[in-house]
Amino acid sequence: MKKIWKVIKDYVYIIIIVVLFRTFIATPAIVEGSSMDTTLADGQIVLINKIIYSVTNISRYDIVVLNNKEDKDKIIKRVIGLPNEKISYKNNVLYINGNETTNNIKFEATEDFEVTTADNEYFVLGDNRDVSKDS
């Protein structure tokens, strides 16, 4: 019995470490769809950090993974609006609280809109506006 344990204990340790890592620290995922093209491509493998937002706050333009209640799956989007902000998009220009943003992101296929977020609300959009389901 000791010989058997000696042979398999390293494999048991590896399995335990992998399960703990995937459960609490990070997990790999495959991007499905083209809603984040050209930033993330369909079929690309990404590593989802599960602890980053326990040590820092969500920032504008972060890429996040969300639970999609409609399709009961997960989606990847870019954070555009933070809590208690007025986000508007007019003539292909993004405004936050009335100020034009100085980012390089252009949502060319996006109709003009205006939305105000509440406490603990974020506004997200996919980079590829032609096919993205979001906000």
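Numbering starts at 1 and runs along the sequence shown.
Considering only residues two or more places apart in sequence or on other chains, Arg60 meets the salt bridge (Lys or Arg N to Asp or Glu O under 4.0 Å) condition with Glu85. Lys86 pairs by the salt bridge (Lys or Arg N to Asp or Glu O under 4.0 Å) definition with Glu114, not counting sequence neighbours.
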* **Full working for side-chain contact (heavy atoms from CB on, under 4.5 Å) between Tyr122 and Leu82** => CA-CA 5 Å; Tyr122 295 85; Leu82 302 174; 3.8 Å; yes
* To do: Could you give me the CA-CA distance, side-chain angles and deciding distance for Asp127 and Lys77, then say whether side-chain contact (heavy atoms from CB on, under 4.5 Å) is met?
  => CA-CA 7 Å; Asp127 288 359; Lys77 301 295 172 194; over 6 Å; no
* To do: In sequence, state the C-alpha distance, the side-chain angles, and the governing distance for Phe113 and Leu125, and then conclude on side-chain contact (heavy atoms from CB on, under 4.5 Å).
  => CA-CA 12 Å; Phe113 68 82; Leu125 294 172; 4.3 Å; yes
* To do: Go through the steps for Phe123 and Val79 under the test side-chain contact (heavy atoms from CB on, under 4.5 Å), then give the verdict.
  => CA-CA 6 Å; Phe123 187 78; Val79 175; over 6 Å; no
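Side chain to side chain, Lys74 and Asn67 meet the donor-acceptor criterion of an N or O pair below 3.5 Å.
Residues in residues 9-32 take part in these side-chain hydrogen bond (donor to acceptor under 3.5 Å, both in side chains) pairs, two or more places apart or across chains: Arg22-Thr27. Residue pairs meeting the side-chain hydrogen bond (donor to acceptor under 3.5 Å, both in side chains) criterion with at least one member in residues 41-57, sequence neighbours excluded, are Tyr53-Asp62.
Through direct or relayed side-chain contacts under 4.5 Å between Ile, Leu, Val, Met, Phe, Trp and Tyr, Ile45 connects to Ile30. Members clustered with Leu40: Val31, Met36, Val46, Ile48, Ile63, Val65, Ile76, by chain and number, using a 4.5 Å side-chain heavy-atom cutoff among hydrophobic residues.
No continuous path of hydrophobic side-chain contacts links Trp5 to Ile15 [ILVMFWY only; heavy atoms under 4.5 Å]. Both Val12 and Leu20 belong to a common hydrophobic cluster when Ile, Leu, Val, Met, Phe, Trp and Tyr are linked at side-chain heavy-atom distances under 4.5 angstrom.
At least one side-chain heavy atom of Leu94 sits under 4.5 Å from a side-chain heavy atom of Ile87. At least one side-chain heavy atom of Ile75 sits less than 4.5 Å from a side-chain heavy atom of Asp73. Contact annotation: the side chain of Thr101 never approaches that of Asn99 to less than 4.5 Å [non-hydrogen atoms, C-beta and beyond].
If you take CD1 on Ile25 and CD1 on Ile51, they are separated by 5.5 Å, rounding to the nearest 0.5 Å.
Contact between Ala41 and Asp37 at its shortest, heavy atoms only, is CA-OD1, 3.5 Å.
Here the rule is side-chain hydrogen bond (donor to acceptor under 3.5 Å, both in side chains) with Asn84, and of Asn120, Asn97, Thr116, Asp119 only Asp119 fits it.
Counting only distance, with no hydrogens or angles, the side chain of Arg78 and the backbone of Gly126 share no donor-acceptor pair below 3.5 Å.
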